[in-house]
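Since the structure is predicted, the reported quantities are computational estimates derived from the model, not experimental observations. Both ligands and their constituent atoms are indexed starting at 1 by order of listing. Reckoned from all heavy atoms, side chains included, excluding hydrogens, waters and symmetry mates.
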Amino acid sequence: MTNIRSIIRGCGAFLPERAVTNHELARRVDTSHEWIVQRTGIEQRHIAAEHETTSILGIKAAEAALANAGLTAKDIDLVVCATSTPDYTFPSTATLIQTGLGMTHGAAFDLQAVCTGFVYGVATADNFLRSGSHRRALVIGAETFSRILDWNDRTTCVLFGDGAGAIVLEAGSGAGTSEDRGVLSTQLRSDGRYRDKLYVDGGPGSTRTTGVLKMEGREVFRFAVGMVADVVEAAFAATGTTVEDLDWFVPHQANKRIITASAEKLGIPLEKVVITVDRHGNTSAASIPLALATAQADGRIKQGDLVMIEAIGGGFTWGSALLRW
Ligand code: ACO
């Protein structure tokens, strides 16, 4: 029996030109390069120019993914954009990206699961493709988190940055085993009881303002490693694979200490872990495709490799996807 599989055809990313170093931030708030690197591993973050909205970053990442796939926007019939920093309350950032790509066909919508947004996006597109309703999807994670930060709050403003990444998924066929190329398993979770640990204190339906990010960093850290292990182990169990089969672990790039502690708990050697948080900070939904694009471009991730992506984010939301590249 053949199964429909969502096969990864291409991957691309985009970072705004302006990089802001820790040293530059230390001139604005009471912090230091050493404190930020030691607690987070972050060395710099990219900040969007005034005219660069989330959709503009998303369009550039989508174009890079299409070029990498050897496809054009004509070939795409579904655009899913994961973002917590949409250009507007509506229309969706996905429809702005759709127009920016020159598409007047297909369906486009946004998806909001904060830092887990890209994993939720992969799971959503995978279900659309496997149902047979759509054939090729762009899954985009795009964010301008710099616009929801309190730039006087040193406990949050040093952690985040702007950027976008995208993959192209195409419906193909497989034998239904873990040797198939494509999305092999997705595991999604949420628990809204934790909303106060990580949230934005505004929104159209509550304050009619955008609000700024608030976080109990130590509390988020405390939950993070356990949540990562939960969804990663569930993905292995669902596919009959083990940590030994894994070629690459590509976690949400929030904090190097969370990444290394998670890898250690799961028994994944650090040589198999893709870390890019040092270069762009936490870009929320964009961080996993940014890391995937980096590791594919530098030759680490190759066709046939088994790749685990995972993330945790506000809500809390958390999730994983096991991919055969
Ligand atoms: N520079 C210098 N000192 C600082 C800074 C800073 N930027 N920020 C906080 N401090 C101070 C605090 O005020 C505190 O001082 P005090 O002891 O005098 O009160 C001290 O440093 C220690 O603060 P903690 O918050 O306990 O520091 P901790 O070691 O927990 O590190 C951090 C903070 C980096 C935020 C850590 O808790 C963390 O990484 N948490 C996870 C956050 C995260 O990854 N969130 C995103 C995940 S979900 C998503 O991606 C949306």
Side-chain angles (χ1 to χ4, degrees), residues 20-45 54 82-85 111-121 141-163 165 189-192 194-201 211-228 230-231 250-263 275-278 280-291 309-320:
V20 174
T21 63
N22 294 342
H23 295 290
E24 186 175 342
L25 275 188
R27 291 196 288 273
R28 290 202 227 162
V29 287
D30 183 16
T31 188
S32 67
H33 174 71
E34 291 69 28
W35 191 97
I36 300 169
V37 170
Q38 198 238 326
R39 304 286 175 124
T40 72
I42 297 166
E43 308 215 353
Q44 61 170 34
R45 71 287 296 139
T54 297
T83 187
S84 301
T85 45
L111 188 154
Q112 218 279 45
V114 202
C115 301
T116 321
F118 185 74
V119 178
Y120 271 66
E143 303 279 17
T144 45
F145 254 53
S146 62
R147 303 205 168 126
I148 53 164
L149 296 176
D150 174 354
W151 284 98
N152 295 312
D153 176 7
R154 68 175 183 174
T155 68
T156 53
C157 76
V158 303
L159 303 175
F160 296 91
D162 302 335
R189 312 269 190 276
S190 65
D191 188 340
Y194 299 106
R195 55 160 282 191
D196 292 343
K197 307 278 177 224
L198 177 56
Y199 66 103
V200 169
D201 68 356
V212 292
L213 184 144
K214 304 279 180 187
M215 179 172 71
E216 291 177 32
R218 198 171 267 203
E219 281 291 286
V220 175
F221 203 119
R222 194 164 71 79
F223 283 101
V225 178
M227 294 191 293
V228 170
D230 162 28
V231 286
V250 187
H252 168 45
Q253 306 288 316
N255 180 311
K256 199 171 177 183
R257 284 193 302 154
I258 296 177
I259 293 173
T260 52
S262 304
I275 300 179
T276 55
V277 67
D278 51 321
H280 52 66
N282 182 346
T283 56
S284 189
S287 92
I288 291 174
L290 271 163
I309 63 173
E310 60 77 11
I312 66 144
F316 291 139
T317 55
W318 64 110
S320 71

Residues two or more places apart in sequence or in another chain: which of them pass ring-ring contact (aromatic ring centres under 6.0 Å, His included) with Phe223? Tyr194, Phe316
Scan residues 143-152 for pairs that pass salt bridge (charged side-chain N to carboxylate O under 4.0 Å, His left out), counting only residues two or more places apart or in two chains. none
For Ala224 versus Ile312, what's the shortest heavy-atom pair and its separation? CB-CD1, 3.5 Å
Where the side chain of Asn282 meets the backbone of Asn255, is there a donor-acceptor pair that is under 3.5 Å apart? no
Pairwise, report which nitrogen or oxygen atoms of ligand 1 are under 3.5 angstrom from protein nitrogen or oxygen atoms, and how far apart they are.
from     : atom 1 : to     : atom 2 : distance (Å)
ligand 1 : 1 (N)  : Thr31  : OG1    : 2.7
ligand 1 : 3 (N)  : Trp35  : NE1    : 3.4
ligand 1 : 3 (N)  : Arg154 : NH1    : 3.4
ligand 1 : 7 (N)  : Thr31  : OG1    : 3.1
ligand 1 : 7 (N)  : Arg154 : O      : 2.9
ligand 1 : 13 (O) : Arg154 : NH2    : 2.9
ligand 1 : 26 (O) : Arg218 : NE     : 2.9
ligand 1 : 26 (O) : Arg218 : NH2    : 2.6
ligand 1 : 27 (O) : Arg39  : NH1    : 3.2
ligand 1 : 29 (O) : Arg39  : NH1    : 2.5
ligand 1 : 37 (O) : Gly217 : O      : 3.3
ligand 1 : 37 (O) : Arg218 : N      : 3.4
ligand 1 : 39 (O) : Asn255 : ND2    : 2.4
ligand 1 : 40 (N) : Gly217 : O      : 2.9
ligand 1 : 50 (O) : His252 : NE2    : 2.8
ligand 1 : 50 (O) : Asn282 : ND2    : 2.6

Return the set of residues passing side chain to side chain donor-acceptor pair (under 3.5 Å) with Ser262 (not counting sequence neighbours), or none when no residue passes. none
Thr116 side chain vs Gly313 backbone, donor-acceptor pair below 3.5 Å: yes
